[in-house]
Amino acid sequence: MGLLSSAFLGLFAVLVAVLAPTVIHLIRVGGPFLTPNPTVLGAGQGPIVIEDTIHCEDVHHYRPADLLFTACEDLKATRFDWFPGLGHLDTKAAGRGSIHVVDPKVCDLFYNATRGAYYTVWSGGILTSSILYSQTFKSTRLTFENFESGFVTHGIDVIEDPERADAVYIFAINHLPNPEYSPSAPTSAPKARSQIELFHHILRSTTVQHVRSIRHELIQTPNDITADSPSSFYVTNDHYYRAGLLRLIEDLWPFAKWSNIIHVQLHELQAEHATSALTASVAHAGLWNNNGLGHARHPAELIISSAMGGELYLATRDENNTLSVHTTIPFDTTTDNPSYYVDPFASDVHDASGLVVAGISQAVYMPQTMHDPDAVDALQVWYAKPTRGGTGWETRLLFEDDGTRIRTGSAAVLVPVEPERVEGVKKAWLFVTGFLSENMIAVQVEL
Ligand SMILES: *[C@@H]1O[C@H](CO)[C@@H](O)[C@H](O)[C@H]1NC(C)=O
């Protein structure tokens, strides 16, 4: 063997050694060898199917009011032809979805004999009758006020209105077709012109008011949003390319770290034009396929997911609004929109607070199934907590399905169950939603 070929072999060996962990992790995330193992649920653990939640990609638990918010496509067919998030770009198919509120409470009435009155209990425990199901876990579509536009939904965020505690601001991605695109000159303009809608909602009302639209050239392929005030938010661009071979390379090649996160500052909440009274800047670049964004343990910390990378990152917000990643937590599936569960019943002995993230477990089949309204896609929902001592993170599978009870998984939130109602064991309702699922579901899990 010549000097050159042994040098080449050596280099090859080094390459294999360096790349092997990446390749092994990628194979796990892609799931070609995975056999889905659907979680077996006991009596009273669900699944409870939330009616009228078609293709709701994201869900948030707004704790002050104990309500879930989600944005849904509302029709089964449209997303398979128009959904820029999946590279589906038939502009004629763009639909009009809506914002929904889901009540996660089981409203039992308890009679207090001493006081001679009935009291409601704010959160669910052991379900004793099927009537409870029909009274709660219901989705209500909010009626738009002053918003006539098309609405193709993706990630959202919900934050309190700092000026009135009984209201929220809702940020929502809207993947609109580009009015400047012309089929006769297909290369002149991109097909999608995605923007962000800002809405205002009075809690417990059935309407939502449009505040303004937000569009900026730095926001190209928006996926998810995290807001820290009505005028300041972060948004991920999940890809650099909207279509074609280069987008495929972005999906498959871990070193194609071309996605970024944009920070947007609104100078006026009400603005006549989507592009006026705002500034935008790159808050982070260089992650592979950054996708979901969520609030973490304190206001200056965010969770970012790398969808194809199967990783969550914890990042700190700097004074100048850039994000510095300080922790990486790997998972065995793709990772979509992350949430952070705050255990309201935390004690010194047991604090169940942690990260929750859903992902598809057989991403390898997605290129075919994403065109088929009747296909199934397996998913897993993960939970991560700091290890004792606090140096690392331990991850645990919370729920798994083969795609028949829920299809795809893109967001999951935990809603606590009062401990005394489940004999001191820490339990929660896990609400899971999927970007291609015809329904959101709720299952009860132990933490
Ligand atoms: C923003 O702040 C961080 C941390 O202090 C610093 O590393 C970074 O260079 C700053 N970026 C800009 C664009 O000023």
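Remember, it's 1-based here, ligands and their atoms both numbered in the order they're listed. Small disclaimer: the values here were computed from a predicted structure and weren't measured.
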Within a 6.0 Å radius of atom NE2 on His273, are there more than 12 heavy atoms belonging to other residues, nucleotides or ligands? no
Shortest non-hydrogen pair, Ala65 vs Leu203, comes out as CB-CD1, 3.9 Å
Name each donor-acceptor pair under 3.5 Å that joins a side chain in residues 142-151 to protein atoms two or more places apart or in another chain, with its distance.
residue: Glu145; atom: OE1; partner: Gln209; partner atom: NE2; Å: 2.9
residue: Glu145; atom: OE2; partner: Thr207; partner atom: OG1; Å: 3.4
residue: Asn146; atom: OD1; partner: His210; partner atom: N; Å: 3.0
residue: Asn146; atom: ND2; partner: His210; partner atom: O; Å: 3.3

The single option from Asp343, Val417, Asp351, Leu398 passing side-chain contact (heavy atoms from CB on, under 4.5 Å) against Leu447: Leu398
Check ligand 1 for close polar pairs with the protein: N or O on both sides, less than 3.5 Å.
residue: ligand 1; atom: 2 (O); partner: Asn320; partner atom: OD1; Å: 3.3
residue: ligand 1; atom: 2 (O); partner: Asn320; partner atom: ND2; Å: 2.5
residue: ligand 1; atom: 11 (N); partner: Asn320; partner atom: ND2; Å: 2.9
residue: ligand 1; atom: 14 (O); partner: Asn320; partner atom: ND2; Å: 3.1

Report the residues that fulfil side chain to side chain contact (heavy atoms under 4.5 Å, CB included) with Asn320, sequence neighbours left out, ordered by chain and then residue number. Asp318, Thr322
Tell me, which pairs form a disulfide (SG to SG under 2.5 Å) where one or both residues lie in residues 62-93, sequence neighbours left out? Cys56-Cys72
